[in-house]
Amino acid sequence: MQTQIEKIFKSLSAEADFVAFKTVTEKTRDLSVRNGKPENISIDMDAGLTIEVMKDGHIGYGATSELTSEGIQQAFDRALTMTKVASKNAVHHFDLSVRPRSEGTYISHRQKSLDQISTAEIYDFLKKASQRLKVSDKIISAVADAMVIETEQNYISSNGSQFQQNFNIVVSSFSATAQDGAETQTRSHHGGRGNCLQIGAEYFNFDKLEQDCDQLSQEALELLTAENCVHETCDLILAPDQMLLQIHESIGHPLELDRILGDERNFAGWSFVQPQDFGKLKYGSKLMNVVFDPTVSNEMASYKFDEIGNPAEKKYLIKDGLLIAGLGSLESQARSKIPGVANARSSSWNRAPIDRMANINLEGGSLTLQQMISQVENGVIMYSNRSWSIDDYRRKFQFGCEYAKQIKNGKLTKTLKNPNYRGVTVPFWNNLAGLTVSDTVETYGSPYCGKGEPSQVIRVGHSSPYALFKNIEVFGG
Amino acid sequence: MVNLKNYLEKLSQEFFTQLQGDEESDFFIHSEESQFIRFNGARVRQNTHVHQHELALRYQKNQRTLRVNLSLTLDFDQDLQKILSILQDCRDQLPRIDIHPQFVAICNHGQSQSIKKVVRPNDEEMLKTIIECFGSADMAGLYCSGPLRQISINSKGQFHYFENDFFFLDYSIYNGPKAAKGFFSTENWSKDALVKNIEQTKTKLGLLNLPSIDVPKGKHRVYLEPMALLEVLQTMSWGGFSYAALKQGRSGLRKLHQNELHLSEKFSLIENIGLGYVPPFNSLGELSAKQTSLIEKGKTINLQVSSATAQEYDIPSNQAEPDERLSSPEIKPGTLAQAEILKKLDTGLYLSNLHYLNWSDQQSARITGMTRYACFWVEKGEIKGPIADLRFDDSIYNLLGSNLLALTSHQELFVEAATYQKRRLGVAKLPGALIQDFNFTL
Ligand SMILES: [Zn+2]
């Protein structure tokens, strides 16, 4: 198939100022087991082609699942016709510097490729986990699910780019919902869809999960009789499985250059960050160091090239609290003249690449978790995201977690249910007062970052240590 | 261009003849030919044309179901070969999986055909018209156009075909950081109607030129335009009307459904497939009820029940989609006349849009979210000026219960504009709402 597509590409590649073909094939096995029984077993096999054409500095797209000579020709013609019309009223006229020539191959780090595990074996793994979670009649729903994803990208362009990227990804979730009378509480493994990794079939090792399942069920039951989180302004420690969301919503999105340029205003929103803030804005306290890093082995959004051929590199976005670079592709960099990264990505073959997060990571600090807790006279530590909301400029947020503990005089005390907190982005990050050491950093992600018109979900990775914030408004249900 | 209907007839027949013994199968096809044009500053940021054909194939044997989704190339030999190899895979994997407790056997739900088209100029002409009509306005948004087809076929002889060729323009206009939202989609294309729609949005934007008012957090009297109330409804519909979610501890409206608490008598909600914007059959090919009354005068009458849920809990199905969401919700109108809105609001917040809502505590039906776009402070029935965005956090039992003062007598209709992975079908019809003591927290 790929040879046939390359043949057609050659015959069309001179018909515009620039032409690129990207084929994507993706197999996703999505399985869900509830209370030890199968709920959903599905296999998704997506395949299609994206065609990029540049005409008079404007880039337009055609996309088709009709991978035949006629289908590809038709998609090319549709793309070129509209691109010619659109180029007369384009937002920006680009040159070929936004499509660098790149060659190479990327393969997700893994010990055993995901095509080596059968659907029935994945089912057995999830069934064991679901059964393990159901420790009591009060656990009304014990769910284990997994998305097992194998993706192949092939990119060729008229200026000689040729690269392939092969991803193996596992997104898993394990949760126990406990109910007693009017009280219902859910405890899940690092939040709804937080477990996201580039990994192979070696992931499916139940021994590693057993203890976690036991702890989840116990904590779900414990929450049934817990007190509501206090409502006060106090110290707040966030575990890495909540920090993932805090980083995502209040650092990742506002730094996207296409948001700052206004492309997203009608959908996901704009940004409080202004072009002149780069190099000047004190985003957070001196402890805050945030990197864009698609080169981390096993993290969800690692790759060698973004989807317009820009080589991926680690880059500081915020250094010692100071904002220094944005999340913008070569196109956004050309439009805004702000330093950016390799992050033009699309959800699949049927959408155009836009500015996305990849792995956005907060670097570790100097405390052990014990030291951090002992510094807190009055506060709360919260685990695992369950609710999220932020305004369209990414200022005023409110997030909720599944499980919390009160901290009094440097010691963990009682369990609290329905913990929530709210704040405003820049003051919040400037209240960052402590980070745990690098070896406490945990890595999570999300398969569902939504953005774009037409809309796209993208996979992102976030790693973080535990973080201590001063003077935060916390409250309960 | 392949005739999709004939193609699928031939492909499905060829495939179904390969089934053996008690094997059964069905096809659900989503096919679209879509032109998407993304605007910023009333100029084109990106144009994407998409030919996308997805086949969702269910395979059943011995009380077990496996679902396989694949992209069709519309090349008969390629597609047939692919689904036959899937059949082999299903035969290998399925016996190794347990019996499905929610197993619903495939049966014949008949035949139907529905074809609609909004007659309009081609997309190149539409683009020129849009650019011309917005002129120098700072517009951001999405134009989406083209036919969308959904087809359900099964090995028992069922064949349902739905096709709608429509468009929408989802946009907002800006004056610096101030913005007003617009949406345009018609059953009969007219350039004059587009011009009028843009003028209305510009008028709203003009009101934002008044000096901004600093509104403190706390409780305020509020008018929610229909588009703002829609955001509340969509959040409620996230698990809130699903029977499975209720049974599995995921419902934000448990106390309502179990009769512990009620909403206002003024509030009635139906799932109204009869509005005609979604196929008359669901993704399993079952014929959906034209109308299902969910909440009547503040009390739960029915929940969304899919056949799988019906099977598991031994109750009747109302042919809801497997995820039991609402596709065509309608909130019944009230008595507040449009001309009376500002007078009845008296002093408080006039909110055009809300943004990024989520449950903040499902057990007490509390939701949080932000105000967005054109929102005003009103004093004694008069718009005084725009506000800075506020965050709210309040319970549905307050907002649509004891604190709901009135619903408007006019309803607005919103065509679904969601485009994640593929274009979604759906509609919502609802009035505006006057609410007292709406709780703002940040
Ligand atoms: Zn996101």
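So that the names make sense, note that chain A is the first sequence line, chain B the second, and so on, each numbered from 1.
- With A:S387 contributing its side chain and B:W359 its backbone, the two residues share a donor-acceptor pair below 3.5 Å.
- For a residue to count as touching a neighbouring chain, one of its non-hydrogen atoms must lie under 4.5 Å from one of that chain's; by this rule B:L442 touches chain A with backbone and side chain alike.
- A:R265 and B:N40 are linked by a side-chain donor-acceptor pair at a separation below 3.5 angstrom, with hydrogens and angles left out of the test.
- Heavy-atom distances place both the backbone and the side chain of B:P177 under 4.5 Å from chain A.
- In this structure, A:R395 and B:R391 have side chains that are not in contact, with every pair of non-hydrogen atoms separated by 4.5 Å or more.
- Only the backbone of A:A79 comes within contact range of chain B, judged by heavy atoms closer than 4.5 Å.
- Heavy-atom distances place both the backbone and the side chain of A:I390 under 4.5 Å from chain B.
- Chain A forms more heavy-atom pairs under 4.5 Å with one residue of B:R423, B:H100, B:R64 than with any other, namely B:H100.
- Chosen from B:L72, B:T65, B:D79, B:D75, the residue pairing most often with chain A at heavy-atom distances under 4.5 Å is B:L72.
- Closest non-hydrogen pair, B:A140 versus A:G262, comes out as CB-O, 4.2 Å.
- Of the two parts of A:A182, the backbone and the side chain both hold a non-hydrogen atom closer than 4.5 Å to a non-hydrogen atom of chain B.
- Taking 4.5 Å as the limit, every side-chain heavy atom of A:T64 sits out of range of all side-chain heavy atoms of B:H49.
- The two atoms that bring B:D389 and A:K396 nearest to each other are O-NZ, 2.7 Å, heavy atoms only.
- If you measure heavy-atom distances from A:N418 to chain B, the contacts under 4.5 Å come from the side chain alone.
- By the neighbour-count criterion of 12 heavy atoms within 6.0 Å, atom NZ of B:K247 is sparsely surrounded, having that number or fewer from other residues, nucleotides or ligands.
- B:R67 places no side-chain N or O within 3.5 Å of a backbone atom of A:I41 that could act as its donor or acceptor partner.
- In this structure, chain A has no heavy atom under 4.5 Å from any part of B:E260.
- Between chain A and the residues B:A179, B:P101, B:S364, the most heavy-atom pairs under 4.5 angstrom are made by B:P101.
- Taken from CD in B:Q46 to CG in A:D263, the straight-line distance is 7.5 Å, to the nearest 0.5 Å.
- A salt bridge does not link B:R45 to A:D258: none of the charged side-chain nitrogens sits closer than 4.0 Å to a carboxylate oxygen.
- Within the 4.5 Å cutoff, the side chain of B:Y420 has heavy atoms near those of the A:V457 side chain.
- Heavy-atom distances place no part of A:F272 under 4.5 Å from chain B, backbone and side chain included.
- The side-chain heavy atoms of B:S360 and A:Q398, taken from C-beta on, include a pair separated by under 4.5 Å.
- B:E124 touches chain A through backbone and side chain together, each having a heavy atom under 4.5 Å away.
- Side-chain contact check for A:R34 versus B:Q102: some heavy-atom pair is nearer than 4.5 Å.
- The shortest distance between side-chain heavy atoms of B:R366 and A:N420 falls below 4.5 Å.
- With hydrogens and angles ignored, the 3.5 Å screen pairs no side-chain donor or acceptor of A:N350 with any backbone N or O of B:V50.
- If you measure heavy-atom distances from B:Q35 to chain A, the contacts under 4.5 Å come from the side chain alone.
- When B:V68, B:D123, B:L70, B:I97 are compared by the number of non-hydrogen pairs under 4.5 Å with chain A, B:I97 comes out ahead.
- In summary, A:K37 and B:E312 do not engage in a salt bridge, as defined by a charged side-chain N under 4.0 Å from a carboxylate O.
- Looking only at side-chain heavy atoms (C-beta outward), B:R43 and A:H92 stay at 4.5 Å or farther from each other.
- For chain A, the option among B:K422, B:R372, B:M370 with the highest count of heavy-atom pairs below 4.5 Å is B:R372.
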Chi angles and distances behind the salt bridge (charged side-chain N to carboxylate O under 4.0 Å, His left out) call for A:R422, B:D393: CA-CA 11 Å; A:R422 54 187 159 231; B:D393 188 351; 3.6 Å; yes
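- Distance alone, capped at 3.5 Å, places no donor-acceptor pair between the A:T177 side chain and the B:G249 backbone.
- Contact of B:D92 with chain A is not made at all, since no heavy-atom distance falls under 4.5 Å.
- Only the side chain of B:I37 comes within contact range of chain A, judged by heavy atoms closer than 4.5 Å.
- Across all non-hydrogen atoms, the minimal contact from A:A352 to B:T48 is CB-OG1, 3.8 Å.
- Residue B:S34: no heavy atom, backbone or side chain, is found under 4.5 Å from chain A.
- The part of B:R254 that comes within reach of chain A is its side chain, from C-beta onward, which places non-hydrogen atoms under 4.5 angstrom from that chain.
- If you measure heavy-atom distances from A:T83 to chain B, the contacts under 4.5 Å come from both the backbone and the side chain.
- Proximity to chain B (any heavy atom under 4.5 Å) is shown, for A:F267, by both the backbone and the side chain.
- Contact of A:E183 with chain B is made through backbone and side chain together, with heavy-atom distances under 4.5 Å.
- Neither the backbone nor the side chain of A:K84 comes within contact range of chain B; no heavy atom of the residue lies under 4.5 Å from a heavy atom of that chain.
- Under 3.5 Å, the side chains of A:N266 and B:K181 contain a donor-acceptor pair of N or O atoms.
- More than 12 heavy atoms of other residues, nucleotides or ligands sit less than 6.0 Å from atom CD of B:E416.
- Counting heavy atoms from C-beta outward, B:L357 and A:S389 have side chains that stay 4.5 Å or more apart.
- Remark: side-chain polar atoms of B:R96 are not paired, donor with acceptor, to backbone N or O of A:D124 under 3.5 angstrom.
- Residue A:Y448 does not touch chain B at all, counting heavy-atom pairs closer than 4.5 Å.
- Proximity to chain B (any heavy atom under 4.5 Å) is shown, for A:E26, by neither the backbone nor the side chain.
- Of the atoms belonging to A:R29, not a single heavy atom falls under 4.5 Å from chain B.
- Within the structure, every pair that satisfies the side-chain hydrogen bond (donor to acceptor under 3.5 Å, both in side chains) test and touches residues 46-59 of chain A, not counting sequence neighbours, is listed here: A:D46-A:S348, A:D46-A:W349, A:D46-B:S71, A:E52-A:Y61, A:E52-A:R99, A:E52-A:Y155, A:H58-B:N47.
- Taking 4.0 Å as the cut-off between side-chain N and carboxylate O, A:K417 and B:D361 do not count as a salt-bridged pair.
- At a cut-off of 3.5 Å, with distance as the only test, a side-chain donor of B:D98 or A:Y123 sits close to an acceptor on the other residue.
- Under a 3.5 Å cut-off, the side chain of B:Q93 and the backbone N or O of A:A120 do form a donor-acceptor pair.
- When heavy atoms are compared at a cutoff of 4.5 Å, B:L66 approaches chain A by way of both its backbone and its side chain.
- The most heavy-atom pairs under 4.5 Å with chain A, out of B:L94, B:L390, B:D138, B:D89, come from B:D138.
- Judged purely by distance below 3.5 Å, without hydrogens or angles, the side chains of A:E453 and B:Y143 never pair a donor atom with an acceptor atom.
- Rounded to the nearest 0.5 Å, atoms OG (A:S141) and CD (B:Q248) are 5.0 Å apart.
- The contact between B:I99 and chain A is made entirely by backbone atoms, counting heavy-atom distances below 4.5 Å.
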